[in-house]
*Asks:* 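Here's a structure for you.
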2 protein chains.
Amino acid sequence: MTSGNGTQVQGRTRIQARNRDAILTAGLDVFSQHGFRGSTLDQIAAGAGLSKPNLLYYFPSKEAIYTALLEGLLETWLDPLRDLDPKGDPLTELLSYMRRKLAMSRDYPRESRLFAGEILRGAPEMHDVLKGELKTLVDERAAVISGWAKDGKIAAVDPHHLIFSIWALTQHYADFDVQVRAVLGGTDPFPGAEAHLEQMLESLLRP
Amino acid sequence: MTSGNGTQVQGRTRIQARNRDAILTAGLDVFSQHGFRGSTLDQIAAGAGLSKPNLLYYFPSKEAIYTALLEGLLETWLDPLRDLDPKGDPLTELLSYMRRKLAMSRDYPRESRLFAGEILRGAPEMHDVLKGELKTLVDERAAVISGWAKDGKIAAVDPHHLIFSIWALTQHYADFDVQVRAVLGGTDPFPGAEAHLEQMLESLLRP
DNA sequence: GAATTGTTTGACCAATTGGTCAAAGCCACG
DNA sequence: CGTGGCTTTGACCAATTGGTCAAACAATTC
């Protein structure tokens, strides 16, 4: 049986793999909804179908579950930006980056909210990663975008703020989901969002 | 002595006004940083310079402080959208709406984060307001924007998603502040953000 | 099938935390 | 200055919660 979600689960035995996976899945559910301090081991244990001491047989502490989730998440989270192809067509590349990020908001809202909660609280667990791995990758891709702009392939834009904009616009539909849906009523926000964000990016980047 | 922050504080005596104000200010500090469940009465009491039982003399419960903050916040939060003038110049109106929202992210990041945290957790305390007051106001202003588009004064855009975009883009700089600063290094994000968001809106709305 | 290793749990603990309460302190006003 | 109402607090409580531990229970190996 393979891991039910996308999270990497190592473990010697089958039982270990299954239970670690169940714990991480339940942890994602609970942490993303209530934040770290608002979540309890009992909630996670119940969600995973285990007893609390049994949880602590697989993870040494509540924090360990939380950090395991965050670490497992980061790679997935950065993949779309990593895949931005410097040799591709600029507008196509940036549009498909935006579309992938929006699809992640639609398909993995819990992951987005977990991340958002961590950043909101000042990223106590991720400060180093943000200033290290994340900054490096963003600076790198910003340079690519800058190059495109200098070559006149897209309009002159601030590449860092362009990336922030894509993050903000796409993640908003996961993180502020209740608000968006409250305002929109019964309509599914995502088709409209995609069309609107395409229009926005295209008009901005047109040289 | 007037209320130190923008929050409305009623109270018969001077002492009441001062202490309720101190509690709300401390509550904003603590709640915006740790969320509702992550905050303790002791933290708030310490921040306000009062004892815990004394806190509970002014507010009946922890939740009461939290909801008092949220209620006091909402009006301030919606003011810029409310001030959107149907008779003004469309581009000017929308640009200055964006600028005011961005300024609020710069000047009142705690308020933005408090709000963001509440929405992230599913808005347990604000669901009604979102579907009522907020939806009504947004629908109304969306109609105004729709009118502008039909008159050819701005490009044809989805007015609801345009409003969401302005929220997302501006609040991002308060809510994800640590991330933005981690990536940007020492630079102040706001000047660059304002220029970039102006460029974005102008190119989008150009008829 | 006995021994070893891996897994699960009930009972328990100390710390934290939201909230209570009666008594004490303080203040204004007659 | 003394009385009555407002304000403050120390002591306390019950519930919650992260975490421990020894013992019971399964699984695997020889």
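In what follows, chains carry the letters A, B, and so on, assigned in the order in which the sequence lines appear, proteins first and then strands, with residues in each chain numbered from 1. This is a predicted model, so every value here is computed, not measured.
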*Asks:* With a non-hydrogen cut-off below 4.0 angstrom, is B:L41 in contact with a base, only sugar-phosphate, or nothing?
*Replies:* sugar-phosphate
*Asks:* What's the closest nucleotide to the side chain of B:N54 if the choices are D:dT9, D:dG18, C:dT8?
*Replies:*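 For the B:N54 side chain, the nearest candidate turns out to be D:dT9.
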*Asks:* Are any of the side-chain nitrogens in B:R100 or B:D79 under 4.0 Å away from the carboxylate oxygens of its partner?
*Replies:*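 A salt bridge is absent here (no side-chain N lies under 4.0 Å from a carboxylate O).
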*Asks:* Students often mix this up, so state it plainly: with edges at 30° and 60°, are the rings of B:F164 and B:H161 parallel, tilted or perpendicular?
*Replies:*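 Perpendicular.
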*Asks:* May I have the distance from B:L56 (atom CG) to D:dC12 (atom P), rounded to whole angstrom?
*Replies:* 19 Å
*Asks:* Hey, can you tell me if B:F36 and B:Y66 have their rings parallel, tilted or perpendicular (30° and 60° cut-offs)?
*Replies:* tilted
*Asks:* Rounding to an integer number of Å, can you tell me how far A:H34 NE2 sits from D:dG18 P?
*Replies:* 12 Å
*Asks:* Base of C:dG18, side chain of B:K52 - is there a donor-acceptor contact under 3.5 Å?
*Replies:*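 Present.
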*Asks:* Search all heavy atoms of B:K135 against all heavy atoms of A:A182 and return the closest pair with its distance.
*Replies:* CD-O, 3.4 Å
*Asks:* Which nucleotide in the list D:dG18, C:dG18, D:dG19 gets nearest to the side chain of A:T40?
*Replies:*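 Side chain of A:T40 sits closest to D:dG18.
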*Asks:* Among the nucleotides D:dG18, C:dT8, D:dT8, which one has an atom lying closest to any side-chain atom of B:I15?
*Replies:* D:dT8
*Asks:* Within this structure, what is the CZ-to-P distance between B:R18 and D:dC6, rounded to whole angstrom?
*Replies:*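 Those two atoms, CZ and P, are 17 Å apart.
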*Asks:* Taking only the side-chain heavy atoms of B:S51 (C-beta and beyond), determine which of D:dT9, D:dG19, D:dT20 contains the nearest atom.
*Replies:* D:dT9
*Asks:* Between B:E133, B:E75, B:E140, which is the residue that forms a salt bridge (charged side-chain N to carboxylate O under 4.0 Å, His left out) with B:R82?
*Replies:* B:E133
*Asks:* Using atom CD of B:Q43 as one end and atom P of C:dG19 as the other, report the distance to the nearest whole Å.
*Replies:*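 Roughly 15 Å, once rounded to whole Å.
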*Asks:* Quick one: B:Y66 OH to C:dG18 C1', roughly how many Å, whole number?
*Replies:*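 It works out to 17 Å between those atoms.
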*Asks:* In whole angstroms, how far is the P atom of C:dT9 from the CG atom of A:D42?
*Replies:*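 Taking CG of A:D42 and P of C:dT9, I get 13 Å after rounding.
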*Asks:* Let's see if you can work this out: which of D:dT20, C:dG19, D:dT9 has an atom nearest to the side-chain heavy atoms of B:K62?
*Replies:* C:dG19
*Asks:* Of the nucleotides D:dT8, C:dT8, D:dG18, which has the atom closest to the B:Y57 side chain?
*Replies:*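 Nearest listed nucleotide: D:dT8.
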*Asks:* If I take atom CG in residue A:L55 and atom C1' in nucleotide C:dT8, what distance separates them, rounded to the nearest angstrom?
*Replies:* 12 Å
*Asks:* Tell me: CD1 of B:I65 to C1' of C:dT17, nearest whole Å?
*Replies:* 14 Å
*Asks:* Taking only the side-chain heavy atoms of A:Q16 (C-beta and beyond), determine which of D:dC21, C:dT8, C:dT7 contains the nearest atom.
*Replies:* C:dT7
*Asks:* Would you mind telling me which of C:dT17, C:dT20, C:dG10 lies closest to the side-chain atoms of A:R37?
*Replies:*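 When the side chain of A:R37 is considered, C:dT17 is the closest of C:dT17, C:dT20, C:dG10.
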*Asks:* Would you mind classifying the nucleic acid contact of A:Y58 as base, sugar-phosphate or nothing, using non-hydrogen atoms under 4.0 angstrom?
*Replies:* sugar-phosphate
